[in-house]
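Order of the sequence lines sets the chain letters (A, B, ...), proteins ahead of strands, with each chain counted from 1. The analysis underlying the following values was restricted to heavy atoms, covering all of them including side chains, and did not include hydrogens, waters or symmetry mates.
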Amino acid sequence: MLRSSEKFAVIFFLAGSLLVMASFMGIETSTYLMNLIGQIAAFSLLALSLDLIWGFCGILSLGHGLYFAIGGYLVAMHLVKVAFEKTGTPPDFMLFMGWEELPAYYFGIESFAYLLFIVFVVTLSVSLIFGYFSFRSRVTGVYFAIITQALVYMAMLFMFRNDTGFGGNNGMTGFSEIFGLNFRENKTATVLCGISLAVLGLSLLGCKKLVDAPLGRFMRAVKEDESRLRFLGFDTVYVKLTAWCISAILAAIAGLLYVPQVGIINPRVLSPELSIEIAVWVAIGGRGSLIGAIFGAVVVSGLKFILTGLVPELWPFILAILVVGIVIYLPNGFSDGVKVFSSNARSLVSAPHRKLQS
Amino acid sequence: MTKFDQAIYVSGLNVSFGAFSVLKNLSWLVNFGEVKGVIGPNGAGKTTLLDALTGKTEYQTGDIVVRGRHNIKDANEPAIARLGLGRKFQKPSIFSGLSVFENLEIALRSGKAILQSINQLSPHEQKKINETAILIGLSDCLGKDAGTLAHGQKQWLEIGMLIVANPAVLLLDEPVAGMNGEERTKTAALIDKLKGPEMAIVVVEHDMQFVETVCDSVTVLHDGQILVEGPMQAVKSNQQVIDVYLGRDSENA
Amino acid sequence: MTKIILGIFWLTFAATGVAASDHSQKMSWIEFKNHFITEICSSKPKRMKAVLQELGSFTVANQDSKIIKKRTQWATDLISGIQTKNFRCSKGGKTYLKRGDKFLNPALMVEIKLGDEKYKAPFLHLPVRPTLETILATSKLINSFEGPGSLDLDQLALLEKKPDFINTDQMAYLLTSQLSDSSRERLVFVRAFKMLKSENVDEVSEALRNLSNIPSRKTLTAIVKVRKNIDPVKNPELMKIADDAIAEINLSIQIGKAMSIVYSGLSYSSILFLASIGLAIVFGLMGVINLAQGELIMIGAYVTFVIQECLAAIFPSMLPLYLLISIPFVFLVTGGMGALIEYSVIRHLYTRPLMTLLATWGVSIFLINMIRVSFGTQNLEFYVPDYLVGGLSVFGDFLITWNRLATIIFAIVILIFTLLLVKKTRFGMNVRAVTENRAMAGAIGVNTRKVDLLSFAVGSGLAGLAGLALSTIYNVNPTMGTNFIVDAFMVVVLGGVGSIWGTVFAALLVGMINVAVEPLYGAVAAKVLVMVLIIAVIQVRPEGIFTMKVRK
C-alpha cells in the first residue's frame with residue numbers, strides 16, 4: 001500500500017510470467033501451493049473489480065458473484081466440451097439427466113477464442129441491461145445494493161435447477177485438460193497460477209490508468225456528489241454504466257481464471273454470501289485503494305484457507321468479528337490502519353473534510 | 001425587445017407536492033444582461049422555483065422557456081444544464097475529494113459529449129480553467145483538495161465551476177450564506193464582473209443589503225405567487241412587502 | 001306421505017337386487033336377531049356382510065319411531081360388541097354379549113349364566129370391517145337423532161369416508177327425518193356416491209347431478225370411473241350428464257385451487273409483512289438496511305421453541321398455549337437483540353449506510369453460527385396445538401387451515417398495533433418527525449438517538465414475531481432467515497421507504513406472485529417476475545410505489 005500500484009502490477013506480472021516459463025522449463029513446484037496462490041490471485045482480481053465500482057464510483061454491488069459466475073460457468077462449459085470431444089461421452093451430470101449429446105448452446109465453445117468472446121458478450125449484455133435500467137432510474141446506495149443481491153440470489157435459484165445443462169445442484173466438474181495441458185500434470189497448476197498472476201498484474205495496471213484518466217475523475221466525482229455533476233450538465237448514467245461494465249468484465253475474467261484451478265463450479269458461487277464476502281475483502285483492504293482491495297482479498301481468503309482447516313467451527317465467528325470491528329473502527333479498512341501507524345499519519349489527520357461516506 | 005432577450009420565461013407554473021401547492025400559477029421573466037434578485041419569507045417557494053427551473057422538481061402545469069426557444073418541460077437535469085443553466089446550491093456542492101483544478105476540469109468537460117470528455121485538455125481549455133481560477137480568487141489553491149477550502153472559497157469554487165462552462169443563466173441560491181463581510185464584498189464584486197449582455201443572473205438571498213447591492217430588480221415571492229416586482233428601492237417601500245416581512249418578524253419574535 | 005316415500009325407496013332397494021331382502025321380509029324381528037347372531041358367528045366374510053346389510057334394513061323396516069329406536073339401539077349394542085370382542089360365540093352355537101361384568105343373551109339382552117364351553121369372538125375379516133363400521137355409524141345416527149336439527153357430525157364423517165357400504169334403507173329413512181340443510185346435503189352426497197354404482201340409469205344420473213355439487217378430487221375420480229363404464233351408444237344422455245358433471249367439478253376445483261392459492265398467498269404475505277415492516281420503518285428512519293433481519297426472524301422462531309420446551313418440562317398443561325405465551329418473550333428477546341445491535345454496531349455507522357450492510361452481515365453470520373453451535377443444524381420440531389390442526393373445508397379442495405388463518409390474523413393485529421404506534425403515540429410522532437427531517441426534529445428537542453434505538457428495537461421485535469408466526473408452517477433451522485430476507489428486501493424496495501401501507505401492499509404483491517407463480521413455473525420464475533416488476537416500478541417511481549413525492 002505504501003508503494004504505488006504500478007510497482008505491484010509489474011511485480012505480479014513478472015512473477016506470473018516467471019512461473020509460466022519455469023513450468024515449461026520443467027521446474028517442479030508444489031501443486032497445492034500453486035493452486036492456492038492462483039485462486040487467491042483470482043479472488044484478488046474479483047476484489048479489484050468491485051473496488052473499481054465501489055471504491056471509485058461509490059456504487060456498492062452485493063451481487064458481483066453473478067459476473068464471477070458467468071465467467072466461471074462459461075469456462076466450465078468450455079472444459080466440459082473439450083473433455084466431451086476427447087471421450088465422446090457427456091459428463092455425469094448430463095448422463096444423469098439422460099442426455100446423450102451436449103445441448104445446442106455448447107456449440108463452438110471448445111474454441112478458446114470463442115469462449116473469450118462469449119464471456120465478453122454475455123457479461124457485457126447482462127451488465128449493460130441491468131446497469132442501464134438501474135442507473136437510469138437513479139437507483140443508488142442501499143437500494144442498489146439489495147437489488148443486486150436479489151439478482152444474484154435469483155441466479156442461484158436458477159442454477160440450482162437440474163434441467164439447465166449447467167449441472168444443477170452438484171455443479172459442473174470432470175474437466176480433463178486446458179490448452180492441451182492435462183489437469184493431472186503438475187505443470188498445469190503452475191501455468192494457471194502464472195497466468196492468473198499475470199492477468200492480475202495487467203488488470204491492476206489497467207485499473208490504475210483508468211482511475212487516473214479523466215474517466216476516473218468523473219467516477220470519483222460521481223462518488224462525491226452525483227447530483228452536482230448532473231446539474232453541471234453531465235449525464236452520469238454513462239460514467240456509471242462504463243465503470244459498471246468494466247467492473248463486470250473484470251469479475252467475469254476472475255471467474256474464468258478461478259474455475260479451472262478448483263476444477264468445479266456450482267451454484268454456491270452465486271450465493272449472496274460470496275458476493276457480500278467480496279465487499280468484505282474490499283472494505284477490509286480499503287475502498288478506493290486498488291492495491292488495498294487486493295490486499296484485503298489476500299488477507300481474508302488466505303485466513304479463510306488456513307483457519308477453516310485449523311478451527312473450522314471458529315472461522316465464521318472470527319470473520320464476523322473482523323468485519324464488524326474493521327467496519328466500525330477503520331472506516332477505510334487496513335489502508336487507514338497503515339496510515340495511522342506509518343509516518344504518513346498526517347495525511348489522515350490533515351484531511352478533516354473526509355466525509356466518511358460509503 | 002425580442003424573445004431572444006429573454007433568458008428565462010416562466011408562464012402559468014404550478015408545482016405541488018401531494019395536496020400542498022407550492023407555486024401557484026406563477027409567471028415570471030428574466031432578461032439577458034439582468035441581475036434579478038428573488039426574495040421572500042421561508043416557504044415562499046424560492047428554492048422550489050429553482051428546482052423547477054433546473055429539472056430537479058417536476059411541475060404539473062405551465063411552461064418554462066429558456067433562451068427564448070427551449071421549452072424544458074420534459075428535459076432532465078443534465079439536458080437543462082447543457083442549455084446553459086448553471087445552478088449553485090444553498091449548501092456548497094463541490095467534489096471535496098478532488099482538487100480545485102479537477103473540480104473546474106470536470107465542470108468544463110461536463111457539458112460536452114462523452115467522447116470529448118475523455119481526451120486530454122487542450123491548451124485553450126487549460127487557459128480557461130486558469131482564468132476562471134483567477135476570477136474566483138482561487139488561482140493559488142488549484143492543487144488543493146476542494147474539501148480543505150474555507151467555506152467562502154467553496155462557494156466561489158462552486159460559482160467558478162458554473163462559469164467555466166460558459167453559462168447563459170446563473171442561478172445562485174444563497175451565494176453569501178455563512179460569509180463574513182469581506183467575503184460578501186468579494187462575492188458582490190464577482191457577480192458584478194460576471195454581469196454582461198450575454199448573461200442573466202438570478203440571486204436568491206435572504207441578505208437584503210446584498211440583494212440591493214448586486215441586483216437590478218427584485219421579485220418578491222410570497223406563498224407561491226409573485227407579490228411585487230421592481231427595483232429594490234420601490235420594493236422596500238411597498239406596503240404589502242412590509243406586511244409580509246413584518247408579519248413574519250412578529251411571528252418569529 | 002312418509003309411507004309413500006318409504007315405499008319408493010323400498011322398491012328402489014329391491015331393484016338393486018340384494019337377495020337377502022327376501023329373508024328379512026319373511027322373518028320377524030326376533031327371528032332375524034337369532035339369524036343375525038348365527039350368521040355373525042359363522043365368521044364367513046360374505047355372509048357377515050350380507051347379514052349386516054339385512055340388519056340395516058331391518059332397523060328401519062317398521063315405521064314406528066319407538067321400534068326404530070329400539071332396533072337401532074340393539075344394532076348399536078351388538079355391533080359395538082362385535083367390534084370390541086365383547087360378543088362371543090361357542091362352537092355349540094351359544095353366544096353372549098358381555099356388558100360390564102355381566103353376560104347377556106345377545107338376542108334378548110337378559111343376563112345369563114355361562115356354561116363351561118369355550119367362547120370365541122367371531123373373526124372380523126378385513127372386507128367386513130367397512131360394512132360393520134358403516135352400519136354401526138348409521139344405526140347410531142338414527143338412534144341418536146332427536147328431532148329437527150343436525151346429525152352427529154362424527155358419525156356423518158364416518159359415512160362420508162365409506163359411502164359404498166351404506167345401507168340404502170337406513171339412508172332413505174334418515175332422509176325422511178327433519179334434518180338441518182347441511183346434514184341433509186351431506187347425506188344426499190353420501191347416498192349419491194353409493195347410487196353412482198347402481199345399475200339403474202336414473203339413479204346414476206340423479207347421483208351424478210347431486211355429486212356435481214360437491215367439487216372435490218374424490219368426487220371427480222369417482223365420476224370419471226363411472227363414466228368409463230357408460231356405454232355412449234346405449235346411454236348418450238347419461239354420458240352427457242357425466243361429462244357435464246365432470247366439467248362442472250373441474251371448474252369448481254379450479255376455482256377452489258385459485259382460492260387456496262390466494263389463501264396461502266395471504267399467509268405468506270402476512271409473514272413477509274411481519275418480516276419487512278421493521279426493515280421499512282428503520283430504512284425510512286435511518287437509511288439503513290439490516291441484513292441480520294432474517295436472523296432475527298430465525299431467533300424469534302428459536303425463542304418460541306425454547307418456550308415450548310420449557311413449558312413442556314415445567315407446565316405441560318400450558319403447552320397448547322405456548323404460541324400465545326411466547327409472544328411477549330419473543331418480542332422482548334429479539335427487540336432487545338435489535339437494541340443491542342443498534343447500540344453496538346449501527347450507531348457508529350449512520351453516516352455510512354453501505355457499511356451498515358457489511359456490519360449487519362457480520363452480525364448475521366455471527367448469529368447463524370451461534371445458533372448452529374448451540375442447537376445444531378437440523379429442523380426444529382414444533383408442537384402443533386389441536387386448535388391449529390386441520391381447517392375448514394370451504395369449496396372444492398380449498399381448506400381454510402387454522403395455522404395459516406392464525407398467521408393472517410396475527411399479521412393484521414400487528415398491522416393495527418404498528419399503525420396505532422406510529423400514528424397515535426408520542427413515540428410514533430417522533431419517528432415520523434425524524435423520518436421527515438432528522439436535523440429539524442433534533443433541533444426542536446426530539447431525542448433522535450432514543451428514537452433510533454427504540455425503532456430499531458421495535459423493528460427487530462416485529463421480525464422476531466414473524467419467526468413465531470411461521471414456526472408452525474415453515475422449516476425452522478439456523479439458515480432459514482436467508483429464505484425470507486431477499487423477499488423482504490423486495491417488499492421494502494417495492495413498497496417504498498417508511499410507508500406502512502406501502503409495505504402492506506408490497507408484501508401482498510410479492511407474496512401473491514411467489515405463491516401463484518411458484519407451483520406453475522418454479523421459484524425462479526416467481527423471483528424473476530418480482531424483480532422485473534421492481535425494475536419496472538422504479539423506472540416510474542424510484543422511491544417505491546407508496547412514497548409521496550416530497551421536496552428533499
Engineer: Picking from B:Glu77, B:Arg87, B:Met161, which has the most non-hydrogen pairs under 4.5 angstrom with chain A?
Structural biologist: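 Most heavy-atom pairs under 4.5 Å with chain A: B:Glu77.
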Engineer: Could you check whether A:Glu226 pairs with A:Lys240 (Lys NZ or Arg NE/NH1/NH2 to Asp/Glu carboxylate O, under 4.0 Å)?
Structural biologist: yes
Engineer: Which bit of B:Leu83 is near chain A, if near means a heavy-atom gap under 4.5 Å: side chain, backbone, both or neither?
Structural biologist: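 Answer is neither: B:Leu83 stays 4.5 Å or more from chain A.
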Engineer: Start with the C-alpha gap between B:Asn166 and B:Lys128, add the side-chain angles, then the distance that decides, and say whether side-chain hydrogen bond (donor to acceptor under 3.5 Å, both in side chains) holds.
Structural biologist: CA-CA 10 Å; B:Asn166 288 330; B:Lys128 177 86 192 169; 2.8 Å; yes
Engineer: Given a strict heavy-atom distance threshold of 4.5 Å, which part of A:Ala213 is in contact with chain B: side chain, backbone, both, or neither?
Structural biologist: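 Nothing of A:Ala213, per the 4.5 Å heavy-atom cut-off to chain B.
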Engineer: Checking B:Asn76 against chain A: side chain, backbone, both or neither under 4.5 Å from a heavy atom?
Structural biologist: side chain
Engineer: Chain A: which of B:Pro167, B:Ala79, B:Pro78 shares the most heavy-atom pairs with it under 4.5 Å?
Structural biologist: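 Most heavy-atom pairs under 4.5 Å with chain A: B:Pro78.
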Engineer: Do A:His64 and A:Trp54 make the cut of ring centroids closer than 6.0 angstrom?
Structural biologist: no
Engineer: Step by step, work out the side-chain hydrogen bond (donor to acceptor under 3.5 Å, both in side chains) result for B:Asn71 and B:Asp63.
Structural biologist: CA-CA 7 Å; B:Asn71 193 324; B:Asp63 283 304; 2.8 Å; yes
Engineer: Measuring centre to centre across the rings, with the benzene-like ring taken for any Trp, is A:Trp244 within less than 6.0 Å of A:Phe144?
Structural biologist: yes
